Amino acid sequence: MSDRSRERKVRGSRIQSSRDEKRETQHKERESADTRQTIRTGTDVSDQFVPDEQTFVETDAVRRMKRRLERWMDVGRPVHLIGPTGCGKTALAMQTARDRDRPVVWINGDADLTTSDLVGEYGETERISERDKYIHNVVKSKDIIRDRWVDNPLTLAVKEGATLVYNEFSRTKPIANNVLLSVLEEGMLELPGQRGESRYVDVHPEFRAILTSNSVEYAGVHEPQDALLDRLVGIHMDFYDHETEAAIVRSNVDEADQAQVDQTVTLVRRLRDRLEINVGTRAAIMAVEGTRPVDELDEQTFGDICVDVLASKVSSLDDIAGLREEVEAAIRETKLPFVDQ
Ligand SMILES: Nc1ncnc2c1ncn2[C@@H]1O[C@H](COP(=O)(O)OP(=O)(O)OP(=O)(O)O)[C@@H](O)[C@H]1O
């Protein structure tokens, strides 16, 4: 492949470096990795929240999904991860973002988010006092009070060439997300509150975006505008395979017994098929955590643990009774060796 064909175009602006030069740049960046930061605090920014780094399990299934995501990152396309609650979207997005060796910016979608929450506002007032020091013992002071513009996460990410992880973006009202349209296509961010030249910001060529949404809410809460969806590559995720879920549980629960993890994952996957409510990987993690303090685990106790793990998703005592029946039936079917039947 000729060098020219290796040059990759990012929406609205061209990465000047060929793939080799980019590798060279990345190598240099890696050398100064300690200067790389997840933008938590930077110049003129309020503290940025980014989920803490966790042990990330990479089985074949996870690697395949991650590679699929990275391919689109490589060509500069924003990716939309869609999947049921607790299937692993956030963990995958965050690990892919971290592995890019670029700053990571996190935004949590919310119905109250406005455009200025995303891009910035004149959030602070600065008072500048000038004293006239040329005329002896005459003090003339002038206070200038000026609003100071504060960049918010999206502007930060666009300026720094960060990887933006916009979690549950469809919880944000579409009108607030409109500001993404020109970022993802024309490579230009418009700051509605700003004036003159500073109203427009060129998108850094290394800027990338991963948006996640919950399959149910995605269609429900705020149907995203088609113009935004049109700019996104969509990857639908489902729950991982048994081996991956068991590995995820083990990585999230210290010193968990392998057999108990396997059996609990089997049970949780069985309940996922039987119940109307969404049974995510977190349920398996919490069920194994719930058994840790128990010395002699019997069917009743394990049934209580599994009901507790899922009960917040049912709203009435009748539903709880139905849930318990399903849980107990699934425990009997799964013949859990560690549970004294
Ligand atoms: N590859 C992985 N390695 C380690 N833990 C993982 C991995 N994938 C998912 N998990 C864990 O499984 C649980 C659910 O994952 P995650 O939060 O990423 O799901 P989600 O689809 O983003 O959920 P939600 O829709 O609630 O945001 C979390 O506790 C997460 O730490």
Side-chain angles (χ1 to χ4, degrees), residues 38 49-70 73 79-100 104-111 113 163-172 209-222 224 232 234-256 258 261-262 264-269 271-272 275 277-292 305-306 308-313:
T38 297
F49 163 77
V50 177
D52 282 338
E53 199 140 355
Q54 290 180 332
T55 321
F56 185 72
V57 164
E58 289 211 30
T59 59
D60 290 347
V62 177
R63 257 190 294 278
R64 221 175 14 258
M65 196 51 88
K66 189 161 175 280
R67 197 59 217 111
R68 206 165 141 195
L69 189 44
E70 285 165 343
M73 293 286 110
V79 180
H80 176 197
L81 286 180
I82 309 136
T85 301
C87 72
K89 302 184 292 297
T90 308
L92 177 68
M94 286 306 296
Q95 191 61 39
T96 306
R98 287 194 179 97
D99 287 357
R100 274 200 71 227
V104 178
V105 171
W106 164 274
I107 296 177
N108 228 1
D110 184 285
L113 269 188
T163 309
L164 170 69
V165 177
Y166 192 169
N167 188 51
E168 307 297 1
F169 84 100
S170 55
R171 287 183 186 160
T172 303
I210 304 172
L211 288 70
T212 77
S213 68
N214 185 312
S215 19
V216 173
E217 285 187 8
Y218 158 49
V221 185
H222 297 292
L232 305 174
I235 297 180
H236 277 258
M237 286 181 73
D238 200 347
F239 295 105
Y240 289 117
D241 56 279
H242 180 112
E243 178 225 344
T244 301
E245 281 203 287
I248 288 172
V249 173
R250 279 198 302 280
S251 79
N252 279 268
V253 185
D254 296 339
E255 296 151 33
Q258 164 86 32
V261 166
D262 276 338
T264 305
V265 168
T266 302
L267 176 77
V268 162
R269 294 172 70 85
L271 286 169
R272 186 177 289 153
L275 298 176
I277 55 173
N278 176 75
V279 182
T281 304
R282 273 188 206 93
I285 294 170
M286 293 193 283
V288 173
E289 281 169 352
T291 60
R292 301 291 311 284
I305 290 168
C306 292
D308 294 348
V309 159
L310 297 170
S312 60
K313 299 199 172 191

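In each ligand, atom 1 is the first atom listed, and ligand 1 is the first ligand listed. Sequential numbering from 1 along the given sequence is applied to the chain's residues. Source: prediction; values computed, not measured.
Between Thr281 atom OG1 and Met286 atom CE the span is 10.5 Å, to the nearest 0.5 Å.
Listed by chain and number, residues touching ligand 1 at under 4.0 Å (heavy atoms only) are Gln54, Thr55, Phe56, Val57, Pro84, Thr85, Gly86, Cys87, Gly88, Lys89, Thr90, Ala91, Glu168, Ile248, Ser251, Asn252, Arg282, Ile285.
Side-chain contact between Thr264 and Val249 is absent, with no heavy-atom pair separated by less than 4.5 Å. A heavy-atom distance below 4.5 Å is not found between the side chains of Glu289 and Asn252.
Shortest non-hydrogen contact noted between Phe239 and Gly280 is CE2-CA, 3.5 Å.
Between the side chain of Glu168 and the backbone N or O of Asn214 there is at least one donor-acceptor pair closer than 3.5 Å.
Counting only N and O atoms by type, the side chains of Thr96 and Asp99 include no donor and acceptor under 3.5 Å apart.
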